[in-house]
Amino acid sequence: MSPPTMLQQADAHHRSLSEPKNGPFTYTDPLSEVPTLSGVDTSVDGSTPIIDMEGLLGPQRSEFVKQIGHACEKNGFFAVKNHGIPEMKINNMLDTARDFFHLPEEERLKFRSSDPNSIIRLVTGFQDKTRNIFVSRQSLKFHCHPVEDFKNQWPSTPPSFREKVGEYCASVRKVEVAILEAISESLGLERDFIGKILKGHYVSINFYPACQESELDVTFGVRTHTDPTLITILMQDDVPGLQVINDDKWIDVNPIPNAVVVHVGDMLQALSNCRYKSLLHQATVNCEKERVSIASYCYPSDDAEIGPAKKLIDDDHPAIYKDFTYKEFHESMWRVKCSTAKRLDLFKAESD
């Protein structure tokens, strides 16, 4: 057997550092059984709602706001076309991502960290022998708003990284703001309701190698989870891999050229009083092609109050969650062994 690579050694070391030191986790993951890939419905045609963002700029805005609200409530996700991010910036971002992950591992490992609060950190694949699965995704995660505040901490190799990534991040931020305004309106709230609590923009550049050999039974790109965000905006290359729960079954969300996928996160579930539910999703790997995706996470400021909007609470719709700050949620998230919106149960309102 060949000796472990530097990347494998670093991954094992940092996983040991991140193990809890203060007693057991509060929760266990409710998805203790990994969903089988054979359960994926690949026959569904047209299952991804598609929103033309140009419609938000015209006289029919209210109709497009309704479409977004319907997609959030029924599906938990939708694709957006005509979003305003130039195709050149999209291609530059995807090419730069590939270039970074094709660097020698010594170069990439400069950004390896076990601290989830790091401004930038590299996360590598790992084996979960308890569940008999191998998770192969590698991710470079970093803060990026405002771009000028953070880009000097980003990689300087490849040489175009800071310029090309900065251009994409600035463009996708505008899309985030516009979509959150529409989502606020779809809930019957003021257009800037969510914008008032908006703070950060955190990006994860994800690289999924073509299938790697493993002694374990199942290889995943990313296991089933929800995102602890308001919304997440995902740009995919042309290789399929994203799967979501829709109508209690897994479906493929295949790439649509020059479109982004937007999905509901945990914080929007709480703010909407569970009207819009956080999307369960996962990623698979392709045995013939590597895959790249760019996830943009939109989240509130630490002191933002996240409970259900008061306008959404009445006798027929009592508050499901109590008020809490994003900081309280974020701190609790790292104490519970749960990768889904079940972690919001800590903040459920007390029954009368």
Side-chain angles (χ1 to χ4, degrees), residues 5-22 25 93 96-97 99-101 103-126 135-158 161-166 168-170 172-173 176 198-208 221-223 225-230 232-234 265-267 292-304 325-339 343:
T5 66
M6 183 183 299
L7 195 61
Q8 290 169 331
Q9 293 180 58
D11 183 52
H13 172 66
H14 285 286
R15 284 204 311 275
S16 69
L17 289 178
S18 61
E19 288 296 317
K21 303 296 191 295
N22 299 318
F25 286 112
M93 180 68 175
T96 301
D99 289 345
F100 174 81
F101 282 103
L103 292 172
E105 64 179 24
E106 293 84 355
E107 186 69 27
R108 286 177 282 135
L109 277 175
K110 293 176 182 178
F111 300 96
R112 190 65 170 89
S113 171
S114 62
D115 180 4
N117 296 312
S118 293
I119 295 299
I120 182 168
R121 66 187 181 112
L122 177 72
V123 179
T124 59
F126 63 92
V135 178
S136 68
R137 181 183 70 168
Q138 301 174 37
S139 300
L140 184 69
K141 301 174 181 287
F142 52 90
H143 291 270
C144 57
H145 180 75
V147 167
E148 295 303 318
D149 287 358
F150 296 105
K151 72 176 185 179
N152 288 337
Q153 299 180 63
W154 300 348
S156 56
T157 304
F161 189 99
R162 294 176 180 176
E163 176 189 357
K164 303 305 183 185
V165 172
Y168 176 84
C169 290
V172 79
R173 176 71 174 189
E176 288 177 352
L198 184 61
K199 177 197 177 185
H201 180 187
Y202 189 73
V203 162
S204 177
I205 299 178
N206 306 311
F207 179 73
Y208 303 87
V222 179
R223 292 179 293 181
H225 66 288
T226 63
D227 289 346
T229 59
L230 289 161
T232 299
I233 298 181
L234 185 73
D266 297 350
M267 296 300 94
V292 170
S293 69
I294 315 296
S296 299
Y297 303 116
C298 190
Y299 59 91
S301 59
D302 285 349
D303 59 356
T325 65
Y326 183 67
K327 182 179 180 180
E328 289 172 330
F329 172 82
H330 189 263
E331 289 176 347
S332 72
M333 187 177 72
W334 296 105
R335 294 197 306 267
V336 299
K337 191 177 182 181
C338 178
S339 58
R343 52 197 161 209

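In what follows, residues are counted from 1 in the order of the sequence shown.
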Show the nearest heavy-atom pair for residues [X] and [Y], with the distance to one decimal.
| X | Y | value |
| --- | --- | --- |
| S296 | V172 | OG-CG1, 3.7 Å |
| A170 | V147 | N-CG2, 4.3 Å |
| L122 | R108 | CD2-O, 3.3 Å |
| P228 | F329 | CB-CE2, 3.6 Å |

- [ ] Before giving the answer on side chain to side chain contact (heavy atoms under 4.5 Å, CB included), spell out for Y168 and I294 the whole-Å C-alpha distance, their side-chain angles and the decisive distance to 0.1 Å.
- [x] CA-CA 10 Å; Y168 176 84; I294 315 296; 3.8 Å; yes

Holding to salt bridge (charged side-chain N to carboxylate O under 4.0 Å, His left out), I want the full list of residues that pass it with [X], two or more places apart in sequence or in another chain.
| X | answer |
| --- | --- |
| R173 | E176 |
| K110 | E107 |
| D227 | none |
| K141 | none |

Task: Distance-only donor-acceptor check, side chains S293 and N206, under 3.5 Å - done: yes

Open item on the list: Could you work out, with side chain to side chain contact (heavy atoms under 4.5 Å, CB included) as the rule, every residue matching E163, not counting sequence neighbours?
Closed with: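 So E163 forms a side chain to side chain contact (heavy atoms under 4.5 Å, CB included) with E167.
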
Open item on the list: So, using side chain to side chain contact (heavy atoms under 4.5 Å, CB included) as the criterion, who are the partners of N117 when residues are at least two apart?
Closed with: D115, H330

Task: Check against side chain to side chain contact (heavy atoms under 4.5 Å, CB included), V203 and C169 - done: CA-CA 8 Å; V203 162; C169 290; 3.9 Å; yes

Task: Derivation and outcome, side chain to side chain contact (heavy atoms under 4.5 Å, CB included), residues L140 and F111 - done: CA-CA 8 Å; L140 184 69; F111 300 96; 4.0 Å; yes

Mind checking whether [X] and [Y] have side chains closer than 4.5 Å, heavy atoms only?
| X | Y | answer |
| --- | --- | --- |
| M93 | V165 | yes |
| E148 | K151 | yes |
| P300 | L198 | no |
| T124 | S139 | no |

TODO: Could you tell me whether the side chain of R162 and the main chain of N152 form a donor-acceptor pair under 3.5 Å?
DONE: yes

Open item on the list: Please check: side-chain N/O of R112 versus main-chain N/O of R121, any donor-acceptor pairing under 3.5 Å?
Closed with: no

Counterpart residues, side-chain hydrogen bond (donor to acceptor under 3.5 Å, both in side chains), relative to [X] (two or more places apart):
| X | value |
| --- | --- |
| S118 | S113 |
| T96 | none |
| T229 | T232 |
| D149 | none |

TODO: Assess whether side chain to side chain contact (heavy atoms under 4.5 Å, CB included) is satisfied between T157 and L103, documenting all intermediate values.
DONE: CA-CA 8 Å; T157 304; L103 292 172; 3.7 Å; yes

TODO: Could you tell me how the ring of Y326 sits relative to the ring of Y299: parallel (under 30°), tilted (30 to 60°) or perpendicular (over 60°)?
DONE: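 Rings of Y326 and Y299: parallel, under 30°.
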
Open item on the list: Below 30° counts as parallel, above 60° as perpendicular, anything between as tilted: where do the rings of F161 and W154 land?
Closed with: perpendicular

Task: Residues which pass ring pair (Phe, Tyr, Trp, His ring centres under 6.0 Å) with Y297, listed by chain and number, not counting sequence neighbours - done: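 Result, ring pair (Phe, Tyr, Trp, His ring centres under 6.0 Å) vs Y297: none returned.
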
TODO: With sequence neighbours left out, write down each residue that passes ring pair (Phe, Tyr, Trp, His ring centres under 6.0 Å) with F150, or none if nothing qualifies.
DONE: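 Per chain and number, F150 pairs via ring pair (Phe, Tyr, Trp, His ring centres under 6.0 Å) with H143.
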
TODO: Could you walk me through whether D266 and R343 pass salt bridge (charged side-chain N to carboxylate O under 4.0 Å, His left out), step by step?
DONE: CA-CA 9 Å; D266 297 350; R343 52 197 161 209; 2.7 Å; yes

